[in-house]
Amino acid sequence: MPKKILTILFAALIIFSMVLTACAPPPPVVEEPAEVEEPAVVEVAEEEEEAEVEEEPMLDLSGTAVQFWHVYGEGDPRNETITALVDEFNAGNEYGIVVEALDQGRYDDLEEKVNAGIQSGDIPQIPQAYTSALQNWVTVDLVVDLDQFIYDEDYGLTEEEIADIYPGVFNLSVSPDGARIGWGFSQSANLMVYNYTWARELGFDAAPTNTEEIKTQLCAAAEANATDDDPDNDGTGGLVWRSTTSDFLSFLYAFGGVELTADGTAYDFNTPEAKAVALFINDLRDSGCTYVTESYANPEQATRRALITLSSSAGLKYYTGAFADVENEDEWGFLPFLGPDGNQSSDAYTQTFGILKSTPEQELASWIFIKYLTSPENQARWVEASGYLPTHYSTEELLTDYVASVPQYKSSLELAALGHGEPETFPAWYSVRRAIGDSVATLYAATTPEEIDAILAELTITAAELVAELE
């Protein structure tokens, strides 16, 4: 091929290549990420946010006055201790809070006064009350949820202090909607009081372990009194039955029963367990092995007119005094309530404080006082004065000398773990509890199983009606 033609073709190829290159799309441009000064931006944002949130000022509690209504009146040995604790708080608290402690009689009296004061406004900031009463006041929006104070960073409890409280007590006064409406001061358990010395003289080397053994020992004691040379003690010697709600419930728990239906939605007392309790007590009655007194039975226990009596563990001091009054050195102590199969239980209850709605200053001041009053150190003083059981593990460590000097207290402390709490936050419990007491007295007078069935059925209906009244 001529050289001139080759030159022309080569030139054409170069031109064509240049055209293709010019027409091709440009390669993608990969940009380097811009450097973002995030720390500086975040710091500015945080500073702006912090500037917008202002801390709430601490409440000035100086001179804040609160009323504390309790049930320990003059003549009650517990009154002296509760008064001393209040006086010491008033003299020494760093906030300048002033607590006025006022005795209101019995629990029923205090509740009625609060109910009357709801309309007039004459109510305390701190009432001592059953949890069931506090639950009733929740329905009229009167009770403060204590969790806001318990978990407060400045005035609340540490994790260690919360862990020091018995779990059962800590969770006892929580309402169905989760509000903590009460705070336990101390606790007690309903127990059987037993004379070990007299039982040994009657031929029994050990305390009873079931209801059959209870009956055997009670009837032996009743027979001993009926056949001795003292006609004044005839008809005594067995069990002193009190026909109270606490005594009936203690046996009910030991017999495996409860107050509610299986699904926990309603009261039900027309049960085999409740009937069995009534039949057991009435069998003791018909066998001449139980009788009723008009007052507390500690004198009967101390004078061997009862082998077994029923009492709150808080009755310890009264029993000790009764034995001392007649110079009786018999060995005695506490037993749990027993069921037919040997099941052990008792009716446990807590001395509880609540805080009623008032001013923010008074509500906080009330919590600070309750926290002081229920501290392990003060609770130990209260336990020694009252015979109640503690609510803190660490309180037990402060009671070593007391337990050594009062051996019966040790037995009650050991049995406290068997306690079965009442359904205090279930609707209308306080009213239902009163109805149970009325029915227990009627049950003791029943003469046939059919009568017992009818009484328990009527009690269940009454309980349902009391709940319906709240709806």
Side-chain angles (χ1 to χ4, degrees), residues 71 106-108 110-111 128-133 168-169 172-173 184-194 211 214 239-260 267 269 271 273-274 276-278 280-281 284 290 292-298 300-301 306 308-319 334-339 343-352 386-389 411-412 415-426 428-444 455-456 459 463:
V71 295
R106 300 172 64 87
Y107 278 99
D108 290 353
L110 191 152
E111 183 183 7
Q128 179 178 354
Y130 294 123
T131 302
S132 52
V169 175
L172 184 63
S173 297
F185 181 28
S186 53
Q187 58 176 334
S188 53
N190 200 50
L191 300 169
M192 299 199 301
V193 185
Y194 179 73
T211 50
I214 288 177
L239 168 74
V240 174
W241 178 245
R242 297 187 302 174
S243 291
T244 69
T245 300
S246 292
D247 293 338
F248 180 80
L249 292 181
S250 295
F251 270 122
L252 178 65
Y253 300 148
F255 275 59
V258 292
E259 308 91 340
L260 303 176
Y267 292 109
F269 299 99
T271 63
E273 295 83 4
V277 171
F280 169 67
I281 298 300
L284 293 177
T290 187
V292 177
T293 62
E294 296 182 358
S295 60
Y296 293 110
N298 35 298
E300 283 73 19
Q301 185 85 53
I308 295 177
T309 57
L310 311 176
S311 171
S312 163
S313 58
L316 171 62
K317 286 186 175 293
Y318 300 101
Y319 276 84
F334 292 103
L335 299 178
F337 281 74
L338 301 169
N343 184 48
Q344 301 177 342
S345 192
S346 72
D347 181 18
Y349 26 85
T350 303
Q351 292 72 49
T352 305
S386 66
Y388 285 132
L389 302 171
S411 66
S412 68
L415 294 172
L418 298 173
H420 190 296
E422 299 177 7
E424 293 193 68
T425 59
F426 201 80
W429 172 244
Y430 194 65
S431 298
V432 171
R433 198 179 193 283
R434 290 177 177 174
I436 295 172
D438 294 338
S439 296
V440 172
T442 308
L443 286 169
Y444 188 72
I455 295 167
L456 294 174
L459 174 59

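This is a predicted model, so every value here is computed, not measured. Numbers here are sequence positions counted from 1.
The salt bridge (charged side-chain N to carboxylate O under 4.0 Å, His left out) search around Glu259 returns none, not counting sequence neighbours. Every residue meeting the side-chain hydrogen bond (donor to acceptor under 3.5 Å, both in side chains) condition with Asp108, not counting sequence neighbours, appears here in chain and number order: Tyr430. Every salt bridge (charged side-chain N to carboxylate O under 4.0 Å, His left out) that Arg433 has, sequence neighbours left out, goes to Asp347, Glu422. With sequence neighbours excluded, no residue forms a side-chain hydrogen bond (donor to acceptor under 3.5 Å, both in side chains) with Tyr130. Checked against side-chain hydrogen bond (donor to acceptor under 3.5 Å, both in side chains), Ser313 has no partners two or more places apart in sequence or in another chain. Under the rule for a side-chain hydrogen bond (donor to acceptor under 3.5 Å, both in side chains), the partners of Ser188 that lie at least two apart in sequence or sit in another chain are Gln351.
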**Report entry** Test side-chain contact (heavy atoms from CB on, under 4.5 Å) applied to His420 and Val258, step by step
**Finding:** CA-CA 10 Å; His420 190 296; Val258 292; 4.1 Å; yes
Query raised in the report: Stepwise, does the side-chain contact (heavy atoms from CB on, under 4.5 Å) test hold for Asn298 with Ser311?
Result: CA-CA 9 Å; Asn298 35 298; Ser311 171; over 6 Å; no
Requested in this report: Run the numbers on Arg242 and Val292 for side-chain contact (heavy atoms from CB on, under 4.5 Å), then give the verdict.
Outcome: CA-CA 6 Å; Arg242 297 187 302 174; Val292 177; over 6 Å; no
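A 4.5 Å side-chain heavy-atom check between Tyr253 and Glu273 finds every atom pair outside the cut-off. The shortest side-chain heavy-atom distance between Leu284 and Phe280 falls under the 4.5 Å cut-off. The shortest side-chain heavy-atom distance between Trp429 and Val432 falls under the 4.5 Å cut-off. Between Leu443 and Phe248 there is a side-chain heavy-atom pair separated by less than 4.5 Å. Annotation: side chain of Phe337 is in contact with side chain of Asp247 (closest heavy-atom distance under 4.5 Å). You'll find the side chain of Met192 reaches within 4.5 Å of the side chain of Ile214, heavy atoms only. Side-chain contact between Thr131 and Thr425 is present, with heavy atoms from C-beta onward closer than 4.5 Å.
The distance from the OG atom of Ser312 to the CG atom of Leu389 is 8.0 Å, given to the nearest 0.5 Å. Note that the CD1 atom of Ile455 and the CG atom of Asp438 stand 11.5 Å from one another [nearest 0.5 Å]. Between atom OG1 of residue Thr350 and atom OH of residue Tyr388 there is a gap of 11.0 Å, rounded to the nearest 0.5 Å. Atom CG of Leu415 and atom CG of Asn190 lie 12.0 Å apart (nearest 0.5 Å).
Looking at Asn343, its side chain does come within 3.5 Å of a backbone N or O of Ala254 through a donor-acceptor pair. Between the side chain of Thr245 and the main chain of Gly437, a donor-acceptor pair closer than 3.5 Å is present. In this structure, Glu111 contributes its side chain and Ala133 its backbone to no donor-acceptor pair below 3.5 Å.
Taking all atoms of both residues into account, the shortest heavy-atom contact from Ala306 to Val240 is CB-CG2, 3.7 Å. In terms of heavy atoms, Ser250 sits closest to Ser346 at OG-C, 3.9 Å. The shortest non-hydrogen separation linking Leu459 to Ser439 is CD1-OG, 3.6 Å. Between Thr309 and Ala297, the shortest heavy-atom distance links the atoms CG2-CB, 3.6 Å. When all heavy atoms of Ser246 and Tyr349 are compared, the pair lying nearest together is OG-CE2, 3.8 Å. Closest of all the heavy-atom pairs between Phe334 and Ser412 is CD1-CB, 3.8 Å.
A donor-acceptor pair shorter than 3.5 Å can be found between the side chains of Tyr107 and Gln128.
The aromatic rings of Phe255 and Phe251 stand perpendicular to each other, their planes meeting at an angle above 60°, with 30° marking the opposite boundary.
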